[in-house]
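Take a look at the structure below.
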Amino acid sequence: MQNTDLSFSYLDDLNDIQRQAVTTIEGPVMVIAGPGSGKTRVLTFRIAHLIKSGIAPWQILALTFTNKAAKEMKGRIEQVVGQSAYKVWAGTFHSIFSRILRVEAHRIGYPNDFTIYDTDDSKSVIKEILKTLSLNPKEYNVGAVRSRISSAKSNLITPKAYGTNEELLMADQMNRRPMTHKIYEKYVAKCLRAGAMDFDDLLLQTFKLLYTNPDNIRDKYQSQFKYLMVDEFQDTNFLQYEILKLFSIYNGSNHNICIVGDDAQSIYSFRGATIENILQFEQDFPDVKTFKLEQNYRSTNYIVQAANEIINQNSRQIQKKIWTANDGGHKIKLTKAMTENEEGKLVADKIIEQKNRYSLANKDIAILYRTNAQSRIFEEYLRRNNIAYKIYGGISFYQRKEIKDIIAYMRLSINHKDDEALKRVINYPKRGIGQTSVGKIIQIANDNEVSMWECLNSIDFNGRAKKSVGEFVNIVRASQQKAKTSDAYKTALFIVKKSGIIDLFKAENSIEAQGRIDNINALLDGIQEFTEDDILEEGENIDNQERTLSNFLQTISLMTDQDKKEDNVDSVTMMSVHAAKGLEYKSVFVVGMEENLFPSYMSLSSPDQLEEERRLFYVAITRAEQHISLSFANSRYQYGNVRFNDPSRFLDEISDDIIEANITMKAKPEFGPPKVLGGNFKKLPQNKPKGLAVDASNFKPNPASEIRVGQQILHLKFGQGEVLSIDERNVATIRFSNAIDSPEKRIMLQYARLQIIEE
DNA sequence: GTAGTCACTATTTGA
DNA sequence: TAGTGACTAC
């Protein structure tokens, strides 16, 4: 079926392989796309080509990594096929699936107005469960338990299956968290009771919906989505792949699925992503046609060469040869700094120099780091030099307390059963419902296995609390009414007023409080924009894109960092390497190139994780078009200590003749015994921390590897002690003779600074 | 029931 | 260091 309009001129803009990938529209297709190889082009043109070939836009499902990418894609498709581009189902896994669940959730026992729990909410649920099970939160690290549950869900392991899985139970046993399966079970029940889905549920419940197939719902979606495209396939997890299969195997045959990815850029295994999916794909779809995009159009030859040298150190990868027709360009710059402060200064200097010399704009430049905590220093020096910058990641606007509070009211008015939201605001602003009352509600809700809201009525509170609870219930009910009859903005305005939070800040009358009021106003502005967006984008006539408060909440909870990025501002970009995926800049600074930082010390023990760090570095370098500058600091202030790290091993992997350094890398320290603060602890010119038991200037800690059971040691803070034991995780139990509280402390040797005074 | 202090502890990436 | 949770005093 061909459209009458046969202008396929856009195909002329593609190279041979790209064109083949675009025009092969039937059957399974795999595109392995190296960095800068025109992947986005292929994706957009392929969709445009499908539409031009007579496929209805709403029959195309395109799953991208960010919502912004989806939006951009639609814009570019529009240029080829016009307005109908906006009818393509394009978005992230999470946003597309949550859109489907908003319509279908009731079929699997959830309300269609379900709340989306973010990571904080999940943790809070787990904390509460720990309490009810009388488990020690110190042993049951909440974050660890959460990610355990998350990965179980991502691997389709139900609580029941978890409870009978020897391997998992054993692992939990080893980690001294044998009750994890019990927590998992309770967690799932609690979320269901609250009408809430966490991020994993958006995938898992979609799977459940299609798999259990109530009312033959699978048929509805299989027959709608005739063509599937998946970007960044290397970062999908097992569960996501299973859902894809449910979508794409229609009547056992219709395999119009196209996946695009690059195994060398797989950087999310910590989130459950697995490269296995790429390998598995070839097995599951044996008639797959594979196209490899190997020509890099983005970067100069030096950059491509460096990237190749690095990635070749990895053992497992799909064979490909990335090349470029671009000339050598500028060599890779390597800068050594003495301290992280100097690194900040040097990078700022270099930025000024590059701006002048190559007439770069701020927005052509990015500073990438391994951890978000590194941003502070660069922020300081850029500000000092009057260079505009923008930081992505870290604490976002929606994480601010006052914003979360307002949002909790909103969530609660949409879904009363949202326990996490209720706990947050039932006594905020203070209305005399204290710990005791809240504790009582939690207890009774748990005992009866209902949400907290559902038992508010039946509890007999004492006089004051009774009145307060009544007030609170009224606020929520009134907000709910408003949400039913008004748009998001009007409802938000109502809630902000009714909740009394603004009054609270006004009464406080401080600069800080004013800042919070400003933030709330910014939130309202954002909601207004969202509400009016409807009028602006006429083409976006997707069924459930109404501008209700409920939809606003969904949008913000599924927003990625890149979605928040504004393009038209001329500022230097600062972000983690992870967040930089898919982006490109004329000049890129990768900072903190040190052992224990990049690669992260968390990855040093496992070869697999080390390879992932290397891929991450590969991603970092290949963001650059013309300039790549690497830097490291000799010493760095971390967690309140000065740490001395060797230059990153990744620097060795780039050949010297394409590096231009302000030092000779030959002078690199040889890999001797780990220098974990060995001997060269330096006293900093700053206030001496209070309560030191030992004079810091004479304190010379020994390497952790030398600590043995039975030794007498010195600890800066606790003074003299005896090492009683060291367990398999390198945690030492030490009895300190003059410790005030408990004499025995468990010290992580990895971080501890101990000086041996007697063997 | 609330506010303030204090000591302890964990350090990555994120939808 | 920074964030948190427990404890104490009002």
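Labels below follow one simple rule: chain letters A, B, ... track the order of the sequence lines, proteins then strands, and each chain is numbered from 1. Small disclaimer: the values here were computed from a predicted structure and weren't measured.
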[X] and [Y] ion-paired at < 4.0 Å:
{"X": "A:Lys131", "Y": "A:Glu128", "result": "no"}
{"X": "A:Asp120", "Y": "A:Lys404", "result": "yes"}
{"X": "A:Arg370", "Y": "A:Glu613", "result": "yes"}

Any residue meeting salt bridge (charged side-chain N to carboxylate O under 4.0 Å, His left out) with A:Glu380, in chain and number order, not counting sequence neighbours:
A:Arg376, A:Arg384
Please enumerate all residues that pass salt bridge (charged side-chain N to carboxylate O under 4.0 Å, His left out) together with A:Asp405, with sequence neighbours excluded.
A:Lys401, A:Arg424
Picking from [options], which would you name as closest to the side chain of [X]?
{"X": "A:Ser600", "options": "B:dT11, B:dA15, B:dT12", "value": "B:dT12"}
{"X": "A:His578", "options": "B:dT11, B:dT13, C:dT1", "value": "B:dT13"}
{"X": "A:Arg146", "options": "B:dT12, B:dG14, C:dT1", "value": "B:dG14"}
{"X": "A:Phe199", "options": "B:dT12, B:dT11, B:dA15", "value": "B:dA15"}
{"X": "A:Thr92", "options": "B:dG14, B:dT12, B:dA15", "value": "B:dA15"}

Within the sub-3.5 Å range, which N or O atoms of nucleotides 5-8 of chain C have a protein N or O partner, and how far apart are they?
residue, atom, partner, partner atom, Å
C:dG5, OP1, A:Lys127, NZ, 2.9

Is there ring stacking between A:Phe270 and B:dT13, where the centres must be under 5.5 angstrom apart and the planes under 30 degrees?
yes
Ignoring backbone atoms, establish whether A:Asn372 has a side-chain N or O less than 4.0 Å from OP1 or OP2 of B:dT12.
no
Contact under 4.0 Å: A:Ser576 side-chain N or O vs B:dG14 OP1/OP2
yes
Side chains of A:Gln240 and A:Glu242: donor-acceptor distance under 3.5 Å anywhere?
no
Indicate, with a heavy-atom threshold strictly under 4.0 Å, whether [X] touches base, sugar-phosphate, or nothing.
{"X": "A:Thr119", "answer": "base"}
{"X": "A:Tyr268", "answer": "sugar-phosphate"}
{"X": "A:Arg636", "answer": "nothing"}

Go through the structure and list residues passing side chain to side chain contact (heavy atoms under 4.5 Å, CB included) with A:Arg271, not counting sequence neighbours.
A:Phe65, A:Tyr268
Can you list the residues that meet the side chain to side chain contact (heavy atoms under 4.5 Å, CB included) rule with A:Ala366, with sequence neighbours excluded?
A:Leu368, A:Thr573, A:Tyr585
Could you state the CG-C1' distance from A:Asp118 to B:dG14, rounded to the nearest angstrom?
12 Å
Please write out each protein N/O paired with an N/O of nucleotides 2-5 of chain B under 3.5 Å, distance rounded to 0.1 Å.
residue, atom, partner, partner atom, Å
B:dA3, OP2, A:Lys430, NZ, 3.1

When the P atoms of C:dT4 and B:dT13 are considered, how many whole Å apart are they?
15 Å
Measure from the ring center of A:Tyr241 to the ring center of A:Phe233 and say whether it is less than 6.0 Å.
yes
